[in-house]
Amino acid sequence: MDLVDPFGRTIRDLRISVTDRCNFRCTYCMPEEGMKWLPRSDVLTFEEIHRLAAIFVERFDVDGLRLTGGEPTVRAHMPVLVGKLAGLRVPTTSSSPLAGKKPDLSMTTNGASFRLLADDLRDAGLDRVNISLDTLQQDKFVQMTRRDELVRVLDGIEAAKQAGFSPVKVNAVVERGVNDDEIVALATFGRERNVEVRFIEFMPLDASGHWINDKVVSQDEIVAMINEVYPLEQVAARGAAPADRWRYVDGAGMIGVIPTITKPFCGDCDRVRITADGQFRTCLFATTEFDLLKLMRGGASDDELAVEIQRAVGTKWAGHQINQVNFIRPARTMSQIGG
Ligand code: SAM
Ligand code: SF4
């Protein structure tokens with residue numbers, strides 16, 4: 001049965017945060033120090049994650065599960081979780097192209113430990129991976145992530161390719177005055193390494209609260225800069241995916257741009273999220289959460305959980321209000337929500 005929100009959007013994609021912890025401290029996401037971690041007892045167990053995922057996939061025909069965080073690879077035994085999720089089946093009655101098959105399983109990671117896990121995750125059933133990389137300069141990498149791990153991230157990208165993930169995508173958040181001078185260099189990297197770079201507009205989910213609109217480099221600017229060096233043509237119809245995509249006219253691959261701020265794609269949004277502490281959110285920027293952890297640990301049945309999920313989806317708003325006077329920043333940051 002489809003999970004449909006009040007604006008007629010069918011929910012197909014569930015993002016599950018497996019931890020709020022991270023081995024990086026990206027300036028656009030976390031503070032350098034003083035982050036308050038969830039008590040471990042408040043973090044969903046693998047069994048609880050599997051139970052919730054099963055409700056979404058088997059009852060509500062959700063056909064995509066993305067594991068994120070925080071940094072998902074800092075949680076021990078991730079291949080075990082992936083293996084459990086790979087055992088789920090999208091109902092044969094679903095209109096999804098994956099009807100009768102396992103859901104599409106993906107992960108977003110900073111890549112620093114990915115070399116150690118790539119083969120095991122692939123063998124366990126992970127289909128796709130996005131690795132974050134905002135700069136190719138070692139000093140800027142240290143400035144942006146507060147960790148000296150560029151080499152290990154580049155290794156992680158290679159390991160992902162060798163393990164057979166295809167396509168491997170690279171996420172690059174662009175912040176004006178920080179790494180916007182590297183947009184073309186990152187595009188070149190993608191062309192040479194055969195990875196699809198997805199540029200992300202900087203969003204107001206940073207812990208320090210330094211986001212201002214002027215720091216957002218728009219999709220139009222990003223595409224124009226790359227197009228000047230490597231001519232691009234837009235690929236039609238994004239569908240529910242957040243990235244608009246372009247292909248290089250010379251056939252050297254694709255780029256994507258996620259224009260959350262300048263061209264919100266809320267009208268096509270098919271995503272919902274569960275935080276590491278089991279809070280269900282119907283938007284990255286939502287200010288309301290639905291406590292599935294409490295319900296589950298209070299003895300709720302799957303039927304009761306499904307009713308609560310439907311109730312929550314019934315509150316999904318038309319879209320975020322960034323840049324409007326009534327925008328309220330979510331109380332939690334990107335790493336706490338699960339990007
Ligand atoms: N730790 C993993 C990583 O960095 O890939 C997964 C979690 S991270 C929160 C998910 C994605 O959100 C990353 O691609 C990251 O660059 C992006 N992100 C974090 N803070 C952001 C912000 N303020 N604006 C835009 N993207 C952001
Ligand atoms: Fe960690 Fe990812 Fe946030 Fe960077 S963006 S601090 S890697 S959770």
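Since this is a predicted model, take the numbers as computed values, not measurements. First listed ligand is number 1; within each ligand, the first listed atom is number 1.
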Under 2.8 Å from atom 4 (Fe) of ligand 2, how many protein N, O or S atoms can be found?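 The number of such protein atoms is 1.
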Atoms of ligand 1 close to [X] [distance to a heavy atom under 4.0 angstrom, numbered from 1]:
X    : value
E201 : 25 (C)
T68  : 6 (C), 7 (C)
N110 : 2 (C), 3 (C), 5 (O)

Does D63 reach the side chain of S94, with side-chain heavy atoms less than 4.5 Å apart?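 Not in contact.
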Without swapping roles, check the side chain of [X] against the backbone of [Y] for a donor-acceptor pair under 3.5 Å.
X    : Y    : result
R122 : D127 : yes
K102 : G125 : yes
R273 : Q279 : no
H320 : C283 : no
N179 : D134 : yes
R9   : C266 : yes

Distance-only N or O hit between ligand 1 and T108, under 3.5 Å: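 Between T108 and ligand 1, no N or O pair is found under 3.5 Å apart.
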Quick check: does S132 get an N/O under 3.5 Å from an N/O on ligand 1?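 Yes.
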Heavy-atom distances under 4.0 Å are what count here, so tell me which part of I131 touches ligand 1: side chain, backbone, both or neither.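 For I131, no heavy atom sits under 4.0 Å from ligand 1.
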With a 4.0 Å heavy-atom cut-off (strictly under), which part of N171 contacts ligand 1: side chain, backbone, both or neither?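 N171 to ligand 1: side-chain contact only, backbone stays beyond 4.0 Å.
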Using the rule that Ile, Leu, Val, Met, Phe, Trp and Tyr join whenever any side-chain heavy atoms are under 4.5 Å apart, tell me whether I309 and M1 fall into a single cluster.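 Yes; M1 is reachable from I309 via cluster members.
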Hey, any chance F189 and V151 share a hydrophobic cluster, counting ILVMFWY side chains that come within less than 4.5 Å of each other, even indirectly?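 Not linked; separate clusters.
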Nearest non-hydrogen protein atom, [atom]:
atom                    : result
atom 26 (N) of ligand 1 : V173 CG2, 3.4 Å
atom 8 (S) of ligand 1  : G69 O, 4.4 Å
atom 2 (C) of ligand 1  : E71 OE1, 3.3 Å
atom 12 (O) of ligand 1 : M334 CE, 3.7 Å
atom 24 (N) of ligand 1 : M203 N, 2.9 Å

If you measure from each heavy atom of G70 to ligand 2, is any distance below 4.0 Å?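 Per 4.0 Å heavy-atom rule, G70 contacts ligand 2.
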Run the side-chain hydrogen bond (donor to acceptor under 3.5 Å, both in side chains) check on E71 and T109 step by step: do they pass? CA-CA 6 Å; E71 173 48 40; T109 169; 2.7 Å; yes
Given F202, Y28, W211, which one has a non-hydrogen atom that is nearest to atom 20 (N) of ligand 1?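 It is Y28 whose heavy atom sits nearest to atom 20 (N) of ligand 1.
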To the nearest 0.5 Å, what is the distance between CG (L186) and CZ (F199)?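 Going from the CG atom of L186 to the CZ atom of F199 covers 5.0 Å.
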Verify salt bridge (Lys or Arg N to Asp or Glu O under 4.0 Å) between K215 and E175, making sure each step is shown before the conclusion. CA-CA 5 Å; K215 289 195 147 280; E175 194 177 330; 3.3 Å; yes
Just to check, does G70 reach to within less than 4.0 Å of ligand 1 when the distance is taken from its heavy atoms?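 It does, in that a heavy atom of G70 comes within the 4.0 Å cut-off of ligand 1.
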Greater than 12 external heavy atoms within 6.0 Å of E233's CD: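 Yes, the 6.0 Å shell around CD holds more than 12 heavy atoms from other groups.
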